[in-house]
Amino acid sequence: MISTSALSVRLGGREVVSGVSLVVPRGAWLAIIGPNGAGKSTLLKAVMGLLPHRGDVTLDGRPAAGLRPRERARLLAYAPQTPALPPDMPVFDYALLGRTPYIPYLGRESRHDREVTEAVLDRLDLSALATRRVGELSGGERQRVVLARALAQEAPVLLLDEPTTALDLGHQQQVLELVDRLRRADGLTVVTTLHDLTVAGLYADALLLLAEGRAVAAGEPAEVLTEPLVGQHFDAHVKIEQGPGGRPVVHLVRGGPCG
């Protein structure tokens, strides 16, 4: 569903992403992991077409460079980590913006657009907040509203940049389980950046480890989340054990490099 070939991004005279090639099959979940500054968010923005880049991006077998913005938006829905939210806009109206690729120029949203938005808000436990202003929400509530806008887009691919940032443990689980249910039920393809390595290994089918802008490891969670790789690229002392379903669980060990 998504592939990149030698994708590179240069910002401020520095190579932030360098020669990254990946393939994400339809219906799969890829989690991009790596230390801070590794280029994870930049890679997502390049795939979304928000940053100039070298190399190729292919979406559903079509070169992304040849797609018009509305065509791309019907294929890719993107939820940034720190979006600019209009503080006076009601939650429902903000989520409804996800329907923009389907609304004619100079036209208005249809009844179907509003029904889709209402259903998404209900799934994310946001219906009670529909008339609240975005600026009145907590950090966790705002994060769910950003996800709601992306889901209202009904694109076959979700690009989610740290979708659990600012969420408490319960809402983290609810959001990730919802994304996984939608992926399985509707055949969505999901690409996320995730800070929590155990969470990434628990939910994703495959991991891509970035370090200094380069892909240094890729594969199933157990192949990427190893003590040597995590220790080297995160500068951390960890113990990795087998968890539910044989997936890796990463534990910090006291007395490591900073101990």
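Note: hydrogens, waters and symmetry copies are ignored here, and every other heavy atom, side chains too, is used. The first residue in the sequence is number 1, and the count goes up from there. Everything numeric here is computed off the predicted structure, so don't read it as measured data.
- Contact between Ala155 and Ala77 at its shortest, heavy atoms only, is CB-N, 3.7 Å.
- Scored by the salt bridge (charged side-chain N to carboxylate O under 4.0 Å, His left out) test, Glu223 finds no partners at all (sequence neighbours excluded).
- Under the rule for a salt bridge (charged side-chain N to carboxylate O under 4.0 Å, His left out), the partners of Arg62 that lie at least two apart in sequence or sit in another chain are Glu71.
- When all heavy atoms are compared, the tightest approach of Gln143 to Asp161 is NE2-O, 4.5 Å.
- Separating the CG atom in Leu158 from the OG1 atom in Thr192 is a distance of 10.0 Å, to the nearest 0.5 Å.
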For a salt bridge (charged side-chain N to carboxylate O under 4.0 Å, His left out) check, start with the C-alpha distance between Arg54 and Glu15, then their side-chain angles and the critical distance, and finish with the verdict.
CA-CA 11 Å; Arg54 304 187 308 279; Glu15 195 90 336; 2.6 Å; yes
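- Using a 4.5 Å heavy-atom threshold, the side chains of Met1 and Pro156 count as touching.
- Of the possible donor and acceptor atoms, none in the side chain of Ser3 sits under 3.5 Å from a partner among the backbone N and O of Leu22.
- Looking at Val157 and Leu188, their side chains never come closer than 4.5 Å, going by heavy atoms from C-beta outward.
- In the displayed structure, His171 atom NE2 is contacted under 6.0 Å by more than 12 heavy atoms of other residues, nucleotides or ligands.
- Residues His233 and Ala211 approach most closely at ND1-CB, 3.6 Å, considering heavy atoms.
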With side-chain contact (heavy atoms from CB on, under 4.5 Å) as the criterion, how do Val57 and Leu59 come out once you've worked through the C-alpha distance, each side chain's angles and the decisive distance to 0.1 Å?
CA-CA 7 Å; Val57 178; Leu59 305 174; 4.1 Å; yes
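- Gln174 contributes atom CD, which lies 6.5 Å from atom CG of Asp125 (distance to the nearest 0.5 angstrom).
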Candidate pair Leu137 and Arg132, rule side-chain contact (heavy atoms from CB on, under 4.5 Å), full reasoning:
CA-CA 8 Å; Leu137 303 179; Arg132 289 268 299 275; 4.1 Å; yes
What verdict does the salt bridge (charged side-chain N to carboxylate O under 4.0 Å, His left out) test give for Arg74 and Asp60, after you've listed the backbone C-alpha separation in whole Å, the side-chain angles of each residue and the deciding distance to 0.1 Å?
CA-CA 11 Å; Arg74 291 183 181 186; Asp60 198 20; over 6 Å; no
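- Between Glu212 atom CD and Arg14 atom CZ the span is 9.5 Å, to the nearest 0.5 Å.
- For the atom pair OG1 of Thr198 and CG of Leu225, the computed distance is 7.5 Å after rounding to the nearest 0.5 Å.
- Because its NZ or CZ atom is both nearer than 6.0 Å to the ring centre of Tyr105 and within 45° of the ring axis, Arg70 counts as a cation-pi partner of that residue.
- Between Ala200 and Ile33, the closest heavy-atom pair is CB-CG2, 3.8 Å.
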Assess whether side-chain contact (heavy atoms from CB on, under 4.5 Å) is satisfied between Val146 and Leu85, documenting all intermediate values.
CA-CA 9 Å; Val146 171; Leu85 299 176; 3.9 Å; yes
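- With hydrogens and angles disregarded, no donor-acceptor distance shorter than 3.5 Å links the side chain of Arg133 to the backbone of Pro90.
- With hydrogens and angles disregarded, no donor-acceptor distance shorter than 3.5 Å links the side chain of Lys40 to the backbone of Leu194.
- Within 6.0 Å of the CD atom in Glu220, the count of heavy atoms belonging to other residues, nucleotides or ligands does not exceed 12.
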Pair Arg99, Glu109 - check salt bridge (charged side-chain N to carboxylate O under 4.0 Å, His left out), show working.
CA-CA 8 Å; Arg99 302 299 302 165; Glu109 71 276 3; over 6 Å; no
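- Clustering ILVMFWY residues whenever any of their side-chain heavy atoms sit less than 4.5 angstrom apart, transitively, puts Leu207 in a cluster other than the one holding Val249.
- One finds the CD atom of Glu162 at 6.5 Å from the OG atom of Ser41 (value rounded to the nearest 0.5 Å).
- One hydrophobic cluster, built from ILVMFWY side chains closer than 4.5 Å, holds both Val17 and Tyr78.
- Looking at Thr164, its side chain never comes within 3.5 Å of a backbone N or O of Leu167 through a donor-acceptor pair.
- Across every non-hydrogen atom of Val47 and Leu76, the tightest pair is O-CD1, 3.7 Å.
- Cluster membership check: Val175 shares its hydrophobic cluster with Tyr94, using side-chain heavy-atom separations under 4.5 Å among Ile, Leu, Val, Met, Phe, Trp and Tyr.
- Side-chain atoms of Leu129 and Glu141, non-hydrogen and from C-beta on, do get closer than 4.5 Å to each other.
- With hydrogens and angles ignored, the 3.5 Å screen pairs a side-chain donor or acceptor of Arg144 with a backbone N or O of Leu124.
- Although no hydrogens or angles enter the test, the distance criterion places no donor-acceptor pair under 3.5 Å between the side chain of Gln173 and the main chain of Gly170.
- Of the possible polar contacts, none joining the Thr4 side chain to the Leu7 backbone as a donor-acceptor pair under 3.5 Å is found.
- Rounding to the nearest 0.5 angstrom, the gap separating the CZ atom in Arg149 from the OG1 atom in Thr100 is 6.5 Å.
- A salt bridge links Glu115 with Arg111; the closest basic N to acidic carboxylate O contact falls under 4.0 Å.
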List the steps, then state whether side-chain contact (heavy atoms from CB on, under 4.5 Å) holds for Val191 with Ile2.
CA-CA 9 Å; Val191 181; Ile2 305 176; 3.9 Å; yes
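- Contact annotation: the side chain of Tyr203 never approaches that of Asp196 to less than 4.5 Å [non-hydrogen atoms, C-beta and beyond].
- With respect to Asp205 and Arg183, a salt bridge is recorded, a charged nitrogen being found less than 4.0 Å from a carboxylate O.
- Looking only at side-chain heavy atoms (C-beta outward), Thr117 and Phe92 come within less than 4.5 Å of each other.
- Pairing each heavy atom of Ala73 with each of Pro101, the nearest pair is CB-CG, 3.5 Å.
- Between Leu182 and Leu151 the shortest side-chain heavy-atom distance falls below 4.5 Å.
- Linking Ile, Leu, Val, Met, Phe, Trp and Tyr whenever their side-chain heavy atoms come within less than 4.5 Å puts Met48 and Leu208 in one cluster.
- Ile32 and Val216 fall into different hydrophobic clusters, where Ile, Leu, Val, Met, Phe, Trp and Tyr side chains are chained together by heavy-atom contacts under 4.5 Å.
- Using a distance-only test at 3.5 Å, with no hydrogens or angles considered, no donor-acceptor pair links the side chain of Asp180 to the main chain of Glu177.
- Here the side chains of Val9 and Leu11 are in contact, with some heavy-atom distance below 4.5 Å.
- A donor-acceptor pair under 3.5 Å links the side-chain atoms of Thr226 to the main chain of Leu229, judged by distance alone.
- The side-chain heavy atoms of Arg108 and Ile103, taken from C-beta on, include no pair separated by under 4.5 Å.
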